Amino acid sequence: MQDEADATAKNILAGAEGTRQLTENVLILPAQGNALAVKAGEGIVLVDSGAGRGATQKMIGILRDWSDLPVTAICYSHGHAGYNDGVSDWIEHAKARGEEPPALVGHANVKPRYDRYRETAGLQDNLNRMQFPQFKLAPAGSKLVDPTVTFDDHLVLNEAGSRVELFWAPSETDDVLALWLPEEKILYAGASFPGTTLPNVGTPLRTLRLTIRWAETLERLAALGAETLIQEFGPVIEGAEAVDQRLSGTAKALRWLRAAVVERMNRGMNDLEIIHDIECPPDLFDQKWMRERYGAVEYIVRDIYREENGWWDRNPTNLHPSHPDAAGAAILDAIGDPQTVLDKARALVDQGETQLALHVIDLLALAPGDEDAVVEARTMKAELCRERAGQVRPYVSKALYATSADLLENGKRRWSEAQ
């Protein structure tokens, strides 16, 4: 259900700390998750500029209530849109104060990502409409500002006074950075540790996120020995043991999944067979920071499988398929009485087998044309999608079921028809 998906997204995407001063020199700001401000020498290092407009103006007001020091650097936690759509607002703020614009610091992979987003702007807009229908997002690429300072693995931003270090932390994206304050033992993990959900490896609409690379990042960060962990979302974690439990424990879970998937691939199993075969050990996965709120075990299994396999699903029918309309029409023609399909789908729903009902109803719903049985099948499919949205846990699945239902209810069969 869309309302449930909206509520889940807002819960996950809200920076639960809001505004919190950790030390005299460290302030958490509300942005797209937890942003950070650090007094470093004669200026402030900021991590993430916010979504722009009112959200960023709120950040500026909070920061100015805390300190009058100039913002000398804005660090991009990673290259996903939204997190730094407010860069131009901060530059204008500096100009209005008669200050030099802040350095824009990001990993070297941020600019290639931004270039890719600009090239595929139409696709990115479509993906956002599918996954985030409740948010009014700027057109893809319209607010991206390239970093002016980049690094590959490690960068020290401030030697005098409080030392500020940046580490490459590839995880959700290949351009994530983590900020480390060694004197205070404070670690800002950013997108490498979402905090409120299982790592979102393999979400349905996104590119590979490389499970073991993410585990290696968490192990590297755990080795720093932080006593305070600022998660991307959710509250600050206090205490060295609690911090290590989350970072090292999540890495162990990701490594367990990799080994489990590889063992099954080596036995000839495909991704769907593996998904229905794996049982995760509770000691690794039954943790409050490993809940399937945004990420999901099923997503991770698919991503690991994709790392080692091509696109073929092992069904020879799909090697060189017919156009979907031609295939749908042929299947419809082969069905003697479409009513039997509708009746079977309804019977499965009555038995609580919504997903099986979706498989059955597609025999009719994917056909072209507007025959009564086909239209009825699409209506039923929309209803089933909404029901499934209420049954699954990860936000992304909830959203995609809901927006797929919207599409069908608007008389469209595929996303290309909705342009």
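Being a predicted model, the structure only gives us computed values, none of them experimental. Residue numbers count from 1 along this sequence.
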Please walk me through it: do L36 and I28 pass side chain to side chain contact (heavy atoms under 4.5 Å, CB included)? CA-CA 5 Å; L36 190 70; I28 295 175; 4.1 Å; yes
Stepwise salt bridge (Lys or Arg N to Asp or Glu O under 4.0 Å) test for R306 and D271: CA-CA 9 Å; R306 284 197 300 152; D271 54 344; over 6 Å; no
Restricting to non-hydrogen atoms, name the atom on [X] and the atom on [Y] that form the minimum distance, rounded to 0.1 Å.
X    : Y    : answer
F193 : L218 : CD1-CD2, 4.1 Å
G328 : A367 : O-CB, 3.6 Å
R293 : T196 : CD-O, 3.0 Å
A35  : D48  : CB-O, 4.1 Å
C75  : L166 : SG-CD1, 4.0 Å
I361 : V341 : CA-CG1, 4.5 Å

Just so I know, are the side chains of [X] and [Y] near enough to count as touching, which here means a heavy-atom distance under 4.5 Å?
X    : Y    : answer
W168 : H154 : no
L177 : L155 : no
W180 : K185 : yes
N200 : R209 : yes
T217 : V176 : no
P170 : L210 : no
V45  : L179 : yes
Y294 : P194 : no

Can a side-chain donor-acceptor contact be found between T23 and E184 if the only test is distance below 3.5 angstrom? no
Donor + acceptor pair across side chains of Y188, S77 (<3.5 Å): no
Do any N or O atoms from the side chain of [X] and from the backbone of [Y] form a donor-acceptor pair under 3.5 angstrom?
X    : Y    : result
T148 : A103 : no
W214 : E172 : no
D277 : E273 : no
S49  : G86  : yes
N410 : K412 : no
E292 : V297 : yes
S171 : A169 : yes
K398 : V392 : yes
D175 : G79  : yes
T150 : H107 : no

Got a sec: does the [atom1] of [X] have more than 12 other heavy atoms crowding it under 6.0 Å?
X    : atom1 : answer
Q57  : CD    : yes
Q355 : CD    : yes
E241 : CD    : no
E279 : CD    : no

Before giving the answer on side chain to side chain contact (heavy atoms under 4.5 Å, CB included), spell out for E307 and T211 the whole-Å C-alpha distance, their side-chain angles and the decisive distance to 0.1 Å. CA-CA 9 Å; E307 285 185 42; T211 301; 4.0 Å; yes
Check step by step if salt bridge (Lys or Arg N to Asp or Glu O under 4.0 Å) holds for D68 and R97. CA-CA 10 Å; D68 197 51; R97 287 165 53 93; 3.0 Å; yes
Between L104 and the options V87, D146, V149, the side chain to side chain contact (heavy atoms under 4.5 Å, CB included) test singles out V87
By the definition side chain to side chain contact (heavy atoms under 4.5 Å, CB included), identify the one residue from V261, L257, I278 that meets it with I300. L257
Salt bridge between [X] and [Y], side-chain N to carboxylate O under 4.0 Å?
X    : Y    : answer
D303 : R206 : no
R346 : D350 : no
E216 : R220 : no
D174 : R213 : no

Worked verdict on N126 versus W415 for side chain to side chain contact (heavy atoms under 4.5 Å, CB included): CA-CA 8 Å; N126 287 334; W415 288 99; over 6 Å; no
Atom [atom1] in [X], atom [atom2] in [Y]: separation rounded to 0.5 Å?
X    : Y    : atom1 : atom2 : value
S192 : L187 : OG    : CG    : 7.0 Å
T120 : L127 : OG1   : CG    : 8.0 Å
R20  : I230 : CZ    : CD1   : 9.0 Å
I62  : Q21  : CD1   : CD    : 12.5 Å
Q124 : E119 : CD    : CD    : 10.0 Å
I304 : N309 : CD1   : CG    : 12.0 Å

Residues I60, W90; criterion side chain to side chain contact (heavy atoms under 4.5 Å, CB included); working and verdict: CA-CA 8 Å; I60 291 171; W90 284 98; 3.6 Å; yes
Pairs where residues 245-261 contributes a residue and the test side chain to side chain donor-acceptor pair (under 3.5 Å) is met, not counting sequence neighbours: E219-R255, D244-S248, T250-W289, R258-E308
Taking the six-membered ring for Trp, are F132 and F135 parallel (under 30°), tilted (30 to 60°) or perpendicular (over 60°)? tilted
Those residues that, when tested against R53, pass salt bridge (Lys or Arg N to Asp or Glu O under 4.0 Å) (two or more places apart): none
For E409, give me all partners under salt bridge (Lys or Arg N to Asp or Glu O under 4.0 Å), at least two apart in sequence or on another chain. R386
Hey, mind stepping through R113 and Y117 against side chain to side chain donor-acceptor pair (under 3.5 Å) and telling me if it holds? CA-CA 6 Å; R113 174 176 296 276; Y117 285 168; 2.9 Å; yes
